[in-house]
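Some notes on the structure that comes next.
Keep in mind that the numbers below use all heavy atoms, side chains included, and drop hydrogens, waters and symmetry copies. Read the numbers this way: they start at 1 and go in the same order the structure lists the ligands and their atoms.
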Amino acid sequence: MRSSLIAGNWKMNGNLQSVVELVEGIKAGNAGKAELAIFPPAVFLMKVGGMLAESEIALGAQNVCDQEAGAFTGEIAASMLRECGCRYALAGHSERRSLYQETDQLVAARCAMAVASGIIPILCVGETLQEREQGITEDVVARQIDAVINLSGIASLGQAIIAYEPVWAIGTGKVATPDQAQEVHAFIRGKLARLNADVAEKVQILYGGSMNPSNAAELLSQADIDGGLIGGASLKADDFLTIAQAV
Ligand code: 13P
């Protein structure tokens with residue numbers, strides 16, 4: 001039985017004061033039913049890591065460098081994320097792919113470095129509206145996952161999490177129906193099962209894209225949805241905790 005993870009991707013929002021308040025609010029209201037993880041902007045990781053030191057809430061980064069160390073201005077090494085207390089790092093969020101031109105290969109290299117450094121990567125995959133309308137959702141998701149398998153092998157996904165985030169549902173208020181989401185999650189698990197049944201059974205697949213307190217329960221009740229990657233609704237402690245209660 002896979003456990004559920006409710007992850008809050010705060011993106012580039014907040015300031016030191018609001019971040020501290022949000023962490024305090026989540027800590028105070030955490031009922032401990034689902035595993036929670038929060039992904040603040042990188043400059044606040046050290047601070048939040050300190051605040052979470054004695055708590056059950058995990059810390060994650062919004063990205064991780066594909067290189068170990070050296071002249072990579074603006075990047076953050078997995079070893080540094082570990083020093084901040086990170087357990088997780090996102091890789092290949094659609095905003096990184098579309099706004100900063102991160103390729104499948106770069107995202108796969110980021111995942112590989114995370115795994116090698118003891119950080120659990122959350123590999124984000126998903127199709128644009130145009131790709132869905134063209135009927136190539138599965139091809140796109142398969143290609144994004146294959147880049148990781150080709151570089152690091154199927155076993156590496158046993159040390160990773162996958163987040164299915166249809167691009168058209170991110171920040172739009174347009175949520176995938178539970179059936180639409182389940183269909184893609186089942187496709188992903190089935191694809192992995194053909195290569196390694198253990199990995200497929202074990203890997204957590206999160207749904208992301210306009211998940212909120214009113215739609216979370218139905219999405220989270222689907223057989224292959226093992227949690228959520230939440231953007232906007234993770235910026236309010238009450239909403240984030242209500243989603244966690246829906247597990
Ligand atoms: P929203 O929940 O704001 O749609 O964002 C989803 C997301 O991108 C999480 O990574």
Side-chain angles (χ1 to χ4, degrees), residues 4-14 18-19 22 26 34-42 44-45 48 57-64 81 86-102 107 110-111 114 119-129 131-132 137 140-141 144-145 160-178 180-181 184-185 188 204-220 222 225-247:
S4 296
L5 175 65
I6 300 296
N9 173 11
W10 295 358
K11 308 192 179 183
M12 197 175 75
N13 290 296
S18 71
V19 161
L22 187 48
I26 293 170
E35 188 196 344
L36 299 185
I38 53 178
F39 295 69
F44 302 129
L45 284 173
V48 176
I57 301 164
L59 184 66
Q62 297 176 15
N63 208 351
V64 54
L81 299 180
C86 287
R87 176 173 165 80
Y88 301 108
L90 304 184
H93 190 279
S94 76
E95 287 145 23
R96 301 296 320 170
R97 293 179 188 265
S98 67
L99 302 174
Y100 297 95
Q101 286 77 46
E102 293 197 9
V107 171
R110 291 189 189 278
C111 283
I119 295 270
I120 300 168
I122 300 185
L123 169 66
C124 303
V125 300
E127 81 289 2
T128 62
L129 183 59
E131 289 163 339
R132 174 160 285 265
T137 296
V140 170
V141 167
Q144 291 169 332
I145 294 174
I161 291 175
I162 295 174
Y164 169 58
E165 299 203 295
V167 179
W168 48 271
I170 295 178
T172 57
K174 232 182 173 185
V175 65
T177 65
Q180 279 175 326
V184 180
H185 283 233
I188 293 171
Q204 289 172 304
I205 309 179
L206 314 182
Y207 169 80
S210 298
M211 194 186 262
N212 63 38
S214 17
N215 60 32
E218 219 189 332
L219 286 161
L220 294 169
Q222 301 299 309
I225 300 186
D226 308 311
L229 180 55
I230 296 116
S234 72
L235 295 170
K236 286 194 188 135
D238 285 352
D239 285 356
F240 186 58
L241 293 165
T242 305
I243 293 171
Q245 298 281 333
V247 166

Describe, in one word, how the ring planes of Tyr207 and His185 are oriented to each other, choosing from parallel (under 30°), tilted (30 to 60°) and perpendicular (over 60°).
tilted
Relative to the heavy atoms of Ser210, which atoms of ligand 1 are at a distance of less than 4.0 Å?
1 (P), 2 (O), 4 (O)
Atom indices of ligand 1, in the order listed, that fall short of 4.0 Å to a heavy atom of Gly171
1 (P), 3 (O), 4 (O)
Hey, is Ala169 one of the residues with a heavy atom under 4.0 angstrom from ligand 1?
yes
Tell me, yes or no, whether the heavy-atom count around Glu131 atom CD, taken from other residues, nucleotides or ligands under 6.0 Å, exceeds 12.
yes
Got Val107 and Arg97 here, is their nearest side-chain heavy-atom distance under 4.5 Å?
yes
Report yes if the side chains of Glu127 and Trp168 come closer than 4.5 Å at any heavy-atom pair, otherwise no.
yes
Salt bridge check, Arg87 against Glu35: does any charged N sit closer than 4.0 Å to a carboxylate O?
yes
Which donor-acceptor pairs under 3.5 Å do the side chains of residues 225-247 make with protein atoms, sequence neighbours left out?
unit_1: Asp226; atom_1: OD1; unit_2: Arg2; atom_2: NE; d: 3.0
unit_1: Asp226; atom_1: OD2; unit_2: Arg2; atom_2: NE; d: 3.2
unit_1: Asp226; atom_1: OD2; unit_2: Arg189; atom_2: NH2; d: 2.7
unit_1: Asp226; atom_1: OD2; unit_2: Ile205; atom_2: N; d: 2.8
unit_1: Ser234; atom_1: OG; unit_2: Ile230; atom_2: O; d: 3.1
unit_1: Ser234; atom_1: OG; unit_2: Gly231; atom_2: O; d: 2.7
unit_1: Thr242; atom_1: OG1; unit_2: Asp238; atom_2: O; d: 2.6

Atom 3 (O) of ligand 1: the protein heavy-atom neighbour that sits closest, reported with distance to 0.1 Å:
Gly232 N, 2.8 Å
Would you tell me which option among Gly231, Gly228, Ala233 has the nearest heavy-atom contact to atom 2 (O) of ligand 1?
Gly231
Do Val184 and Arg132 have side chains that approach each other closer than 4.5 Å (heavy atoms only, starting at C-beta)?
yes
Any atoms of ligand 1 less than 4.0 Å from a non-hydrogen atom of Gly209? List them with their elements.
4 (O), 6 (C)
Counting from 1 in the order shown, the ligand 1 atoms closer than 4.0 Å to a non-hydrogen atom of Glu165 are 6 (C), 7 (C), 8 (O), 9 (C), 10 (O)
With respect to Ile230, determine whether any N or O atom, backbone or side chain, lies less than 3.5 Å from an N or O atom of ligand 1.
no
Enumerated ligand 1 atoms positioned under 4.0 Å from heavy atoms of Asn9:
9 (C), 10 (O)
Going by the closest heavy atom to atom 10 (O) of ligand 1, which one wins out of His93, Glu95, Met211?
His93
